Amino acid sequence: MDSRAIEIQSKRNKKMAIKVVPGHFVTSHSHVNYYVDMTAVKSQHKMARRAARELAKAYSDTLVDTIVCLDGTRIVGAFLADELSQPDNVNMDADIAVITPEINPNNQMIFRDNTQRMIWSKRVILLVASVTTGKTIKRALECIHYYGGEVVAVAALFSAVDQVEDLTINTVFSGSELPDYKTYSYHDCPMCKEKKKIDAMINSYGYSKI
């Protein structure tokens, strides 16, 4: 699959690039025609810092107490917290919490007692790696609201959609960098109807070839 990878640059920062692989891929919610590889952005500290700086530009006047990180984005989340606590920000010198929910055996997002205080009555940024349909974001919003948090913003490294519920998604890479990116329900996937082989199962950890 790596031989098919295409590098695309962020329109927001030409020093930011990710690799995408065309094909037939299955997520937990849908079928998609590209695998968007976020590994470098999530794992390499220079790239993660650049991503955080780009995302932070939208929040200079947004009060934030906590960043909830999904999909292995805690490195980016930590850099984002640092950016938001700089002197030119309304959160100057704030000690912003960076936490991740647990997934219980029933596939529900939960926060344990020791981290619930970082959600209750707090202003929260939800940070995710990749958004295809928005269903995971909706689950996370329900979870944060259940524990008494107020989601003030949603940020993503890549998102194929611009908005979930009434929240605009702030992105480093958007669908405009990958205009032919498509997502389909299991029942309406044209690639399945054409009997195209599934290349891999994909999730926030990466891909597994089939």
Side-chain angles (χ1 to χ4, degrees), residues 1-58 67-80 83 98 100-101 103 125-140 154-162 164 169-186 189-192 196-210:
M1 273 188 15
D2 291 342
S3 63
R4 290 183 279 153
I6 304 165
E7 185 173 276
I8 61 172
Q9 289 184 326
S10 169
K11 292 182 178 179
R12 294 180 58 167
N13 186 335
K14 297 303 181 183
K15 292 182 179 180
M16 297 284 302
I18 57 174
K19 291 183 178 180
V20 299
V21 181
H24 185 187
F25 302 99
V26 178
T27 76
S28 59
H29 301 304
S30 62
H31 288 209
V32 294
N33 63 337
Y34 279 95
Y35 166 59
V36 182
D37 188 358
M38 297 275 105
T39 306
V41 185
K42 293 191 293 183
S43 306
Q44 296 175 349
H45 86 278
K46 289 183 179 179
M47 189 83 81
R49 183 188 289 122
R50 290 188 190 115
R53 285 175 177 166
E54 290 304 318
L55 293 173
K57 291 176 182 178
I67 301 172
V68 171
C69 301
L70 305 183
D71 307 333
T73 57
R74 286 192 72 165
I75 296 176
V76 179
F79 281 124
L80 179 57
E83 289 292 323
V98 180
T100 298
I103 306 298
I125 289 179
L126 175 62
L127 175 63
V128 300
S130 182
V131 183
T132 53
T133 63
K135 289 183 178 180
T136 298
I137 288 180
K138 290 179 181 179
R139 282 180 61 209
V154 176
L157 302 180
F158 169 80
S159 181
V161 297
D162 298 324
V164 173
I169 302 175
N170 176 26
T171 67
V172 180
F173 298 88
S174 69
S176 63
E177 275 100 353
L178 201 57
D180 57 341
Y181 181 93
K182 302 293 183 184
T183 178
Y184 308 101
S185 71
Y186 295 123
C189 176
M191 294 178 286
C192 288
K196 288 186 178 179
K197 176 182 175 292
I198 293 173
D199 291 285
M201 304 284 291
I202 60 176
N203 62 17
S204 61
Y205 295 99
Y207 67 86
S208 297
K209 293 180 182 178
I210 296 179

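Atom set for the values below is all heavy atoms of this structure, side chains included, hydrogens, waters and symmetry mates excluded. None of these values were measured; they are calculated from a predicted model.
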Partners of [X] by side chain to side chain contact (heavy atoms under 4.5 Å, CB included), sequence neighbours excluded?
X: Ala58; result: Asn170
X: Pro22; result: Arg4, Ile6, Tyr34
X: Ser185; result: His187, Asp188

* Asked: According to the interplanar angle, ranging from 0 to 90°, do the rings of Phe25 and Tyr35 count as parallel (below 30°), tilted (30 to 60°) or perpendicular (above 60°)?
  -> tilted
Nearest 0.5 angstrom please: [X] [atom1] to [Y] [atom2], how far?
X: Thr171; Y: Leu157; atom1: OG1; atom2: CG; value: 9.5 Å
X: Ile210; Y: Asp199; atom1: CD1; atom2: CG; value: 8.5 Å
X: Thr100; Y: Ile67; atom1: OG1; atom2: CD1; value: 11.0 Å
X: Thr27; Y: Met201; atom1: OG1; atom2: CE; value: 8.5 Å
X: Asp162; Y: Ser174; atom1: CG; atom2: OG; value: 7.5 Å
X: Thr73; Y: Leu55; atom1: OG1; atom2: CG; value: 10.0 Å

Testing the basics here: between [X] and [Y], what is the closest heavy-atom pair and its distance to 0.1 Å?
X: Ser43; Y: Ile75; result: O-CD1, 4.2 Å
X: Ala52; Y: Leu80; result: CB-N, 3.4 Å
X: Met47; Y: Ala40; result: CB-O, 3.8 Å
X: Val32; Y: Met191; result: O-CE, 3.6 Å

* Around Lys15, counting heavy atoms of other residues, nucleotides and ligands shown, do more than 12 lie under 6.0 Å from its NZ? -> no
* **Chi angles and distances behind the side chain to side chain contact (heavy atoms under 4.5 Å, CB included) call for Val154, Ile137** => CA-CA 8 Å; Val154 176; Ile137 288 180; 3.8 Å; yes
* Asked: Can you list the steps and then say if Val172 with Asn13 is a side chain to side chain contact (heavy atoms under 4.5 Å, CB included)?
  -> CA-CA 8 Å; Val172 180; Asn13 186 335; over 6 Å; no
* Asked: Excluding sequence neighbours, so at least two apart, what forms salt bridge (Lys or Arg N to Asp or Glu O under 4.0 Å) with Lys196?
  -> Glu194
Apply ring-ring contact (aromatic ring centres under 6.0 Å, His included) to [X] and list each qualifying residue two or more places apart in sequence or on a separate chain.
X: Phe173; value: none
X: Phe79; value: none
X: His31; value: His24, Tyr186
X: Tyr205; value: none

* Asked: By side chain to side chain donor-acceptor pair (under 3.5 Å), which residues pair with Lys57, not counting sequence neighbours?
  -> Glu54
* Return the set of residues passing side chain to side chain donor-acceptor pair (under 3.5 Å) with Ser208 (not counting sequence neighbours), or none when no residue passes. => none
* If you look only at pairs with a residue in residues 128-137, which of them pass as a side-chain hydrogen bond (donor to acceptor under 3.5 Å, both in side chains), with sequence neighbours excluded? -> His29-Thr136
* According to the salt bridge (charged side-chain N to carboxylate O under 4.0 Å, His left out) rule, which pairs have a member within residues 31-53, sequence neighbours left out? -> Arg53-Glu83
* Does Cys69 reach the side chain of Val98, with side-chain heavy atoms less than 4.5 Å apart? -> yes
* **Side-chain heavy atoms of Leu70 within contact of Pro101, under 4.5 Å** => yes
* For the pair Asn203 (side chain) and Ser28 (backbone), establish whether a donor and an acceptor sit closer than 3.5 Å, ignoring hydrogens and angles. => no
* Any donor and acceptor pair, going by atom type alone, linking the side chain of Gln9 with main-chain N or O of Lys14 inside 3.5 Å? -> yes
* Please lay out, stage by stage, how Val36 and Met38 fare under the test side chain to side chain contact (heavy atoms under 4.5 Å, CB included). => CA-CA 6 Å; Val36 182; Met38 297 275 105; 3.6 Å; yes
